S.K.: 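Structure provided below as C-alpha cells; questions to follow.
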Amino acid sequence: MINMDIIAKVRKVIIWIAVSAVAFFGVIAVISLVISWGVLAKPMRYKNIVPEIRLAPGERKVFEFESFCLDNGRGSPRAGDDYSLMSTPAIKLRPYLREIFDEYLAHPSRWKQSDVQQAVWYTEGRRDWPSLSPEQRALIKTATGREDPVSGHPVIFLNRMAQTFGVVVKTNLGLALLVFFLVVLTMSQPWTTIERGVSWTGQAHVLQKLAESRLGRIINTVAESSVLNRVHIHVDVLFTRLIFKVFSGRR
Amino acid sequence: MGFVEVYKYILSYFGIGILGIGILLSIGAIVPACYWLFTCASANRGAAVFRRIMLALVIILISFSYVRAPFFYEIHGWWKVTFWAAFAVGLLVPVFTADISRAGRRPSRGIIIMSCLWWVMLILSEALLVSGMPYQALTLYIFIAVAGLLCGTMIGTSVSQTLKGRISESKGAAI
C-alpha cells in the first residue's frame, strides 16, 4: 500500500528546495548586477587577427598549433596519447585565462610561449608572483591591467583547494557512506556497530536519540527485513552451488 | 569586473565554505568508516558470503575511483593488471591452503590485516596528495596491489570455508 503522506511530504520538500535555490542564486545575481552595473566587458582582440577555421564537407586542411598545459598538477601525457580540438570550461571559469590568451594571440611575436605557459599556471594559483620573471609579469600586467591579480582571488583559491581536497573528500565520504550501508545491509545488529563506530565523539545521548528516531527505526526495519534475509540466503546458496560445481567438475 | 565575474566571485565564497564543511566531514567520517570496515571484514557470523562480496565491491569501487583521479594520470599504465594479478593471488592462496590450514586459526585474520593495510595506504596516499605530492606511483601501486589482495582473499576465504564445510560433511558421511 502506498502512503500518500510521504508523497505529499516529498513534494513539499522539493518545492521548498527549488524556491530556496532560486531565491539564493537570484539574490546573488541581483547583488552582482548592482556591483557590475555600467562595467563593459573587455572586447577580445584575437578574433580580428586569428582566422576562423571553416571546413567544407570532405575538405582537408593542415594547421600547426601551439598548445598550453592548463593544469600543472596533472600528469604529463604519455607517448601515443591522442589529442583533439575541443572547447574547455577553464576559459570561462578561470579568471584572467581568457585575457592572457587574448594578449598572446593578438601579439604573438611579442611574447614567448614559455612565458605564456608560466602565466597560464599562474592563473591556476600554482605560481607565486615573486617567482615569475619580469617578462612573465609584464605579460600578465598587460593582459589583465593589474599587478598580481590572482592574489586573494576567491575563485582561484576555491579552484586550487577543490583540486587538492576534492579527491580526498569524495573518497572519504564515499567510503563512509558505502561502508555504512554495508553495515546496515549485512550485519545482524547494525545499530550496535554504528554506535560503536561513532562512540569516540562522546555524544552518547545524541546516539541514544538517534537510535530512537525515525532513522534508527528505519535502519532496524531494513536490517530485520525478510526480503534482505532471503537475499542473504540466496546469495549464500548460489555461491555454494557455484563452488561445488567448479570443484566437482575438476575431479 | 563584469556581471559573470562578480557572480562567480560571490558564489566562490559559498563554495569555499561548503568545501570546508566537506573537508571537516570527511575527516570526521573516516574514523567510523574505518571501524565499520574492520567490523564488516572480521565478522564470520550471519551472511558472511554476501557481506564479503559486497565489501569486495566497495573496496574495488573506492580504490578504482581514487586511482582514476586526474592527479594520478601518470601511473595508469599497469595498475589494472596489478590489481587483477593481486586479486588472483589473494583468491588462490586460501583455496590451495584450505586443507593444510590450522583448525584453531581464525579464518578472517588475513582479511583484517589486509583491510588495515589498505586503509593505511589510502590515508598515506591522501596525506601525500594534500601535502603537494601528486606523483606517488610506488604508494599507489602498493595501494592497488593491497586492494586486489584484500578482495581476492575475501572471496578466496569464502571459497575455502565452503570447501572445508564440504570436506567435513563428506568425512561425516564416510564415518
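Owing to the predicted nature of the structure, the values given are computational and were not obtained by experimental measurement.
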S.K.: Looking only at heavy atoms and a cut-off of under 4.5 Å, which of B:Pro32, B:Ala33, B:Ala29 has the most pairs with chain A?
M.R.: B:Pro32
S.K.: Tell me, for B:Phe14 versus chain A, whether the close heavy atoms (under 4.5 Å) come from the side chain, the backbone, both or neither.
M.R.: side chain
S.K.: Let me confirm one number: the CG-CG distance from A:Leu182 to B:Leu37, rounded to the nearest 0.5 Å.
M.R.: 8.5 Å
S.K.: Do other residues, nucleotides or ligands put more than 12 heavy atoms under 6.0 Å from B:Trp78 CH2?
M.R.: no
S.K.: Do the non-hydrogen side-chain atoms of B:Ile16 and A:Met161 ever get within less than 4.5 Å of each other?
M.R.: no
S.K.: How far does SG of B:Cys40 sit from CG of A:Leu178, to the nearest 0.5 angstrom?
M.R.: 11.5 Å
S.K.: I'd like to know whether CZ of B:Phe38 has more than 12 heavy-atom contacts from other residues, nucleotides or ligands below 6.0 angstrom.
M.R.: yes
S.K.: Could you tell me which of A:Val167, A:Leu238, A:Thr186 has the largest number of non-hydrogen atom pairs under 4.5 Å with chain B?
M.R.: A:Thr186
S.K.: Side chain, backbone, both or neither: which part of A:Phe180 has a non-hydrogen atom closer than 4.5 Å to chain B?
M.R.: both
S.K.: When you look at B:Tyr35 and A:Val198, which way does the side chain to side chain contact (heavy atoms under 4.5 Å, CB included) test go after all the steps?
M.R.: CA-CA 9 Å; B:Tyr35 177 80; A:Val198 288; over 6 Å; no
S.K.: Chain B: which of A:Asp236, A:Asn159, A:Val155 shares the most heavy-atom pairs with it under 4.5 Å?
M.R.: A:Val155
S.K.: At a heavy-atom separation under 4.5 Å, does B:Ile53 approach chain A through its side chain, its backbone, both, or neither?
M.R.: side chain
S.K.: Are B:Leu129 and A:Phe165 close enough that some pair of their side-chain heavy atoms sits under 4.5 Å apart?
M.R.: no
S.K.: Measuring heavy-atom distances to chain A, does B:Ile59 have an atom under 4.5 Å in its side chain, in its backbone, in both, or in neither?
M.R.: neither
S.K.: Of the backbone (N, CA, C, O) and the side chain (C-beta and beyond), which part of A:Pro95 lies under 4.5 Å from a heavy atom of chain B, both, or neither?
M.R.: neither
S.K.: May I ask you to test the B:Tyr13-A:Leu158 pair for a side-chain heavy-atom distance under 4.5 Å?
M.R.: no
S.K.: Report which part of B:Phe50 has an atom under 4.5 Å of a heavy atom belonging to chain A: side chain, backbone, both, or neither.
M.R.: both
S.K.: Heavy-atom pairs under 4.5 Å with chain B are the metric here; pick the option from A:Ile156, A:Ile194, A:Leu242, A:Ile233 that has the most.
M.R.: A:Ile194
S.K.: If you take all heavy atoms of A:Ser32 and B:Ile10, which pair is closest and at what distance?
M.R.: OG-CD1, 3.8 Å
S.K.: Roughly how far, to the nearest 0.5 Å, is CG of A:Leu185 from CE of B:Met54?
M.R.: 6.0 Å
S.K.: Are any non-hydrogen side-chain atoms of B:Glu126 and A:Asn172 less than 4.5 angstrom apart?
M.R.: yes
S.K.: Give the minimum heavy-atom separation between B:Tyr9 and A:Gly152, together with the two atoms involved.
M.R.: OH-O, 4.4 Å
S.K.: For the candidates A:Leu177, A:Asp71, A:Val179, which exhibits the highest count of non-hydrogen atom pairs separated by less than 4.5 Å from chain B?
M.R.: A:Val179
S.K.: Roughly how far, to the nearest 0.5 Å, is the CG atom of A:Leu175 from the CG atom of B:Leu122?
M.R.: 7.0 Å
S.K.: For A:Phe25 and B:Leu11, what are the C-alpha separation, side-chain angles and deciding distance, and is it a side chain to side chain contact (heavy atoms under 4.5 Å, CB included)?
M.R.: CA-CA 9 Å; A:Phe25 290 107; B:Leu11 269 185; 3.7 Å; yes
S.K.: Given that the side chain runs from C-beta out, which part of A:Phe24 has a heavy atom under 4.5 Å from chain B: side chain, backbone, both or neither?
M.R.: side chain
S.K.: Of the backbone (N, CA, C, O) and the side chain (C-beta and beyond), which part of B:Ser158 lies under 4.5 Å from a heavy atom of chain A, both, or neither?
M.R.: both
S.K.: Does B:Arg51 reach the side chain of A:His232, with side-chain heavy atoms less than 4.5 Å apart?
M.R.: no
S.K.: Which heavy atom of B:Leu19 sits nearest to which heavy atom of A:Ala162, and what is that distance?
M.R.: CD2-N, 3.6 Å
S.K.: In terms of heavy-atom proximity below 4.5 Å to chain B, should A:Ile28 be classed as side chain, backbone, both, or neither?
M.R.: both
S.K.: Distance check, rounded to the nearest 0.5 Å: B:Ile62 atom CD1 versus A:Lys170 atom NZ?
M.R.: 9.0 Å
S.K.: Using a 4.5 Å cut-off on heavy atoms from C-beta on, say whether the side chain of A:Leu173 contacts that of B:Leu25.
M.R.: yes
S.K.: Counting distance only, does the side-chain N/O of B:Trp36 pair as donor-acceptor with the main-chain N or O of A:Val183 below 3.5 Å?
M.R.: no
S.K.: Would you mind reporting whether A:Phe239 and B:Val159 have side-chain heavy atoms less than 4.5 Å apart?
M.R.: yes
S.K.: CZ of A:Arg94 to NZ of B:Lys8: how many Å apart, nearest 0.5 Å?
M.R.: 11.0 Å
S.K.: A:Val34 vs B:Val6, test: side chain to side chain contact (heavy atoms under 4.5 Å, CB included). Steps then yes/no.
M.R.: CA-CA 10 Å; A:Val34 170; B:Val6 176; over 6 Å; no
